[in-house]
Peer 1: 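What follows is a structure written as structure tokens; I'll ask about it next.
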Amino acid sequence: MLAASYDLHRFERRRVTALVGSYGSGKTELVLGLAAAARQSDKPTLIADLDVLKPYFRSREAGQRLAALGVTMLAPEGALANADLPIIPHQVRSAIGREDLQVFLDVGGDPVGARVLGSLSDVLGRASCDLFLVVNRYRPFSDTFERALEQARFIANAAQLPITGVISNTHLLDETTADDIDYGLDVARPLATALGVAVRLLGVPASLLPHFAKRDDLPPLVAIHRQMLPEFLGGVVCTPGGTA
Amino acid sequence: MTETLAFGRTPLLTHNYMHYCPGCTHGVAHRLVAEVIDEMGIQDRTIGVSPVGCAVLAYNYIDVDFIEAAHGRAPAAATGLRRTLPPDRYIFAYQGDGDLASIGMAEIVHAANRGEKLTIIFVNNAIYGMTGGQMAPTTLPGMKTTTSPGGRDVAQTGHPIRVCELLDTLVAPVFIARGSLSSAKNTIKAKKLLRQAFDLQHQGFTFVELLSTCPTGWGLSPTDSLAWLDRNMLPFFPTKTFREPGAMPEHTAAYHPDLKVRD
Amino acid sequence: MAYHDVVMAGFGGQGLMAIGKLLAKAAMDEGRHVTWLPSYGPEMRGGTANCVVVVDDEPIGSPSVEHAQAAIVMNRPSLDKFEDTLATGGLLVINTSLIAEPVHRADLTTVLVPANDIAEAEGSPKAANMVMLGAYVAHCGVVSAASIEHAIEVSYVGAKKAYGEANLRAFRRGLAS
Amino acid sequence: MPSQKQLMKGAEAIAEAAIRAGCRHFFGYPITPQNEIPEYMSKRLPEVGGVYLQAESEVASINMIFGGASTGARVLTSSSSPGVSLMSEGASYLVGAELPAVIVNIMRGGPGLGDIAPSQSDWSMMTKGWGHGDKRYISLCPATVQEAVDMMSLAFDLAEKYRNPVVLLGDGLLGQMMEPVIFPALSEIAPEQSWAARGKLATRPRVIVRSLYLDPAELERHVDHLYDKFARMEREEPRAETWMCDDEPPVLVCAFGTVARIAKTAIGKLRGEGLRVGLWRPMTAWPFPVESLQKAAATSDRLLSIEMNKGQMVEDIRAVIGHDKPVGFWGRSGGMVPTVDEMMNAIRGQFANA
């Protein structure tokens with residue numbers, strides 16, 4: 001399993017879904033999980049890896065596992081996948097325009113990473129597109145409401161698209177506690193309000209799911225199974241770079 | 001009814017799929033270089049030098065012998081080629097603005113100053129494309145990049161370097177020109193500059209700067225990128241031919257070729 | 001003579017390196033093993049410049065020498081530097097045109113040569129080094145004077161032939177001094 | 001009949017020997033104490049139809065070497081320690097792109113600007129640390145000017161045999177001293193290598209000279225291939241001299257380059273005093289002559305490495321000898337040349353310790 005869907009029937013989204021946010025907010029894990037879940041609806045699903053910034057821990061590294069689930073991964077191919085070249089595959093532009101495809105865009109972190117959406121703003125503007133801001137309160141520039149709002153505005157400006165929803169995904173990797181989830185919501189909720197949108201999803205480590213499933217005051221839950229781990233830690237991904 | 005092929009693949013471009021982003025003008029520049037080599041019929045006598053940067057894989061696309069240079073060192077590596085190969089060879093190096101105007105500034109200035117018989121193709125898009133859009137020596141004042149988030153502050157980081165103008169102070173070069181790839185019309189002009197440079201290469205150092213776009217690094221759509229280039233880069237980087245054979249800088253008049261320090 | 005070593009020292013420009021090379025060339029022509037080792041770099045300009053020549057019938061190990069058997073010194077700093085380090089019973093050839101100071105060590109064979117005065121009298125003031133070399137060869141005998149003269153002849157050819165002739169005259173004056 | 005010998009400065013002799021070995025292209029940048037190499041080349045190369053070019057820096061010269069080597073030409077550059085540090089980037093590229101070239105390092109005192117006096121303190125840089133990545137360079141260590149001459153043609157042959165850069169490692173003493181030498185005849189080497197980039201011929205696929213391998217699996221195969229070559233170098237190319245060891249002396253002095261010849265003088269004098277001492281001299285810093293060392297050390301009680309540095313080769317000796325027997329070190333640094341007397345004292349100390 002790539003990621004568990006729990007409440008995803010309650011999660012509404014448009015055909016093209018782009019996730020933006022700080023480095024380490026959990027965008028890639030969410031994209032992998034959401035796309036895998038979306039594929040179960042039988043609609044052709046595609047992830048475009050638009051992380052042109054960092055050559056490590058990108059969704060393209062999970063490409064083989066996704067292919068087994070029927071999700072197409074669009075990323076620079078072959079040796080180019082390992083290049084530190086900011087390559088945007090040509091097919092991305094046509095994929096965004098195709099009505100028969102569910103498209104998830106995995107974008108690099110911070111306003112800098114969101115800038116790549118600017119180069120696609122013409123096709124994205126014509127498509128039905130959600131821009132979800134993923135917020136991890138434990139990341140720099142996201143720890144207070146004011147700073148998170150400022151970061152959100154920088155990101156929206158770089159993407160040249162409005163933010164249409166917030167995903168609260170506060171975590172400390174394997175050390176996340178139930179209190180941390182609530183601590184994150186304390187910023188995500190006022191942030192969504194200030195942006196005129198809703199908190200559309202709440203990321204919860206799979207182990208804490210039973211605890212939160214009992215509560216009725218929460219946005220739809222998504223269980224996070226960490227996948228973007230080196231293979232020696234149990235993830236799908238080999239060490240960044242090569243496979244045998 | 002007969003079909004006429006209006007536009008075909010350039011013979012000297014390989015069948016390899018180009019990795020450049022949509023709207024990036026590297027592909028255009030490659031095609032122009034390939035067309036010039038093809039039209040001159042010099043494929044068997046041409047050796048290219050690919051740089052470090054987005055064009056590091058240029059050797060995958062243009063069907064001539066190639067060597068790959070370290071970052072900034074293409075003019076030195078090309079010099080090594082020129083000084084060891086038979087004189088009928090054509091040698092070109094293809095460099096970006098970080099490569100040529102920053103880390104490789106010494107190499108380009110001295111290759112030009114020695115009058116190395118080379119053609120240097122300088123692709124200027126005002127940022128470091130490969131590493132993610134950092135400030136380059138050619139970044140415009142006030143232009144936002146990942147390492148000048150508040151816009152390039154000239155008081156802190158200096159002004160953009162105009163490489164053609166800088167090289168035009170040297171005596172040795174025989175051809176220095178700046179073109180632009182911002183439109184079909186400009187691209188046709190740019191190709192003429194490349195052809196002139198290759199034609200003059202055996203007379204001395206030739207240099208063609210091509211103003212280019214980086215939609216990904218700039219965060220603009222391909223069409224917006226072209227408009228941005230015209231609006232913002234052209235005023236600072238005017239397209240013109242700076243040097244042609246026979247036109248030497250004024251200060252050469254005061255130069256005594258017979259001067260000896262001692263016998 | 002099996003093993004011999006000599007240090008030649010003076011101001012940069014006095015031609016110590018040149019007479020060292022002539023000695024090395026002469027020894028080579030006589031079929032001996034030889035090394036020539038200069039001081040180099042900034043030391044060469046001003047102050048003292050020196051070179052060490054080692055001649056042997058066997059292959060030479062160390063080209064550098066701590067206690068030389070002979071020294072040719074052409075200025076005062078060189079005398080100060082090398083008088084104390086010469087091997088016991090060594091040969092010290094001194095240019096008295098520029099060095100007025102007495103030699104302190106009593107165990108050395110000291111040869112006093114007013115080299116600059118002799119060279120000027122000969123009409124080639126730059127050839128003081130050749131006078132020194134002549135005096136050294138006369139008292140040391142590591143190589144024959146004929147070998148040195150041959151080395152001078154083949155080292156100064158073409159446009160430099162006139163220098164060679166002047167040097168030859170200066171060398172012979174040194175031999176006779 | 002006149003002698004076949006010429007009296008040559010080490011640096012000049014290295015330059016002439018390179019030309020005799022078929023080198024017609026030199027790219028370099030001045031630095032003491034090896035300036036006689038570029039100076040000699042600038043006069044001599046035009047006489048034989050070659051090219052001398054003064055680069056704008058050592059960074060440029062090593063990359064001109066890269067370009068020149070790409071065409072199959074025998075190319076040479078030379079420098080001294082600080083300049084060789086600057087060349088480390090290009091050296092790594094030469095290995096990665098499998099290009100032959102010869103680089104002369106006439107070592108001077110360091111670290112930093114140091115001084116211009118003789119030194120051997122680049123042993124570790126040349127054998128282990130020169131440039132990034134998994135790489136090796138054959139490093140030849142001549143002790144005499146004649147040996148430097150003989151090693152130049154060997155250096156070019158080895159560079160082409162393995163398509164890998166080869167280093168000639170000397171010190172300021174070797175570069176500056178004069179000795180009589182005999183040169184081999186002048187040879188012309190035609191650059192007709194199949195891998196050379198000289199223009200695409202219809203009869204062959206185009207040549208791409210590169211060190212970039214974006215696919216990690218492909219790069220790993222490439223590095224494995226390089227290591228197959230390095231393993232062959234380790235089998236076939238170690239060279240060493242063993243001297244005064246026939247009577248199985250209890251003390252074995254280890255020294256390379258000019259220090260080894262100073263050691264010969266010291267050992268000769270100690271032998272005169274009745275002390276039994278031998279010498280082991282590596283002529284290749286890498287590949288390190290392991291078997292030769294093991295054989296020479298087998299019959300001795302203790303070893304003493306003498307170097308013009310603070311103890312670099314001694315690390316390699318200890319890696320071979322382990323804890324089997326004591327391996328001492330004595331050396332001078334900063335450009336101080338060990339004298340025969342102080343070297344004799346250091347060796348006598350080994351007998352006192354025994």
Side-chain angles (χ1 to χ4, degrees), chain A residues 20 23 48-56 58 74-97 105 107-127 141 150-151 153-161, chain B residues 15-28 50-61 68 71 96 98-99 123 125 127-136 143-151 212-229:
Chain A
V20 293
Y23 287 115
D49 182 348
L50 301 183
D51 188 346
V52 295
L53 295 180
K54 294 186 306 166
Y56 292 168
R58 298 185 282 200
L74 198 53
E77 288 172 358
L80 287 174
N82 302 305
D84 57 337
L85 294 167
I87 300 167
I88 305 298
H90 289 235
Q91 303 93 318
V92 170
R93 297 178 69 83
S94 60
I96 289 169
L105 303 178
V107 181
D110 294 354
V112 174
R115 196 184 49 198
V116 69
L117 294 175
S119 74
L120 300 168
S121 56
D122 49 347
V123 282
L124 285 171
R126 291 193 290 272
F141 312 112
E150 186 184 50
Q151 177 84 337
R153 288 191 167 136
F154 283 144
I155 287 174
N157 187 44
Q160 299 183 34
L161 290 169
Chain B
H15 289 274
N16 293 327
Y17 175 81
M18 279 200 195
H19 69 275
Y20 300 113
C21 304
C24 170
T25 43
H26 267 308
V28 179
S50 66
V52 168
C54 280
V56 65
L57 298 173
Y59 52 70
N60 279 348
Y61 309 128
E68 169 197 274
H71 198 33
D99 188 69
V123 175
N125 58 18
I127 55 165
Y128 283 79
M130 179 173 94
T131 44
Q134 293 85 0
M135 187 179 76
M143 183 174 167
K144 287 184 183 176
T145 71
T146 64
T147 50
S148 58
S212 299
T213 65
C214 182
T216 304
W218 292 353
L220 296 173
S221 73
T223 42
D224 288 351
S225 295
L226 296 171
W228 192 92
L229 188 164

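For clarity, every value in this text was computed on a predicted model and none was experimentally measured. In what follows, every chain begins at residue 1, and chains take the letters A, B, ... in the order their sequences are listed.
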Peer 1: When heavy-atom pairs shorter than 4.5 Å are enumerated against chain A, which of B:S225, B:G217, B:G23, B:P215 gives the highest number?
Peer 2: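 With the most close heavy-atom pairs to chain A, the winner is B:G217.
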Peer 1: If you compare all heavy atoms of B:P22 against all heavy atoms of A:R93, which two are closest, and at what distance to 0.1 Å?
Peer 2: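 Smallest heavy-atom distance, with atoms named: CB-CD, 3.5 Å.
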Peer 1: Rounded to the nearest 0.5 Å, how far does CG of B:L220 lie from OG of A:S121?
Peer 2: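 Atom-to-atom, A:S121:OG and B:L220:CG are 7.5 Å apart.
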Peer 1: Can you tell me how far NE2 of A:H90 sits from OH of B:Y20, rounded to the nearest 0.5 angstrom?
Peer 2: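 Here the interatomic distance stands at 10.5 Å.
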Peer 1: What are the two closest heavy atoms between B:Y17 and A:Q91, and how far apart are they?
Peer 2: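 The pair with the smallest heavy-atom distance is OH-OE1, 3.7 Å.
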Peer 1: Under a 4.5 Å heavy-atom cut-off, does chain B meet the side chain of A:P89, its backbone, both or neither?
Peer 2: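 For A:P89, the backbone is the part near chain B, not the side chain.
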Peer 1: Would you compute the distance between atom OG1 of B:T216 and atom CG of A:L117 and round it to the nearest 0.5 angstrom?
Peer 2: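 Output value for this atom pair is 11.0 Å.
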Peer 1: Can you confirm whether A:D122 sits close enough to B:P222 that some side-chain heavy atom of one is under 4.5 Å from a side-chain heavy atom of the other?
Peer 2: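 Of all side-chain heavy-atom pairs linking B:P222 with A:D122, at least one is under 4.5 Å.
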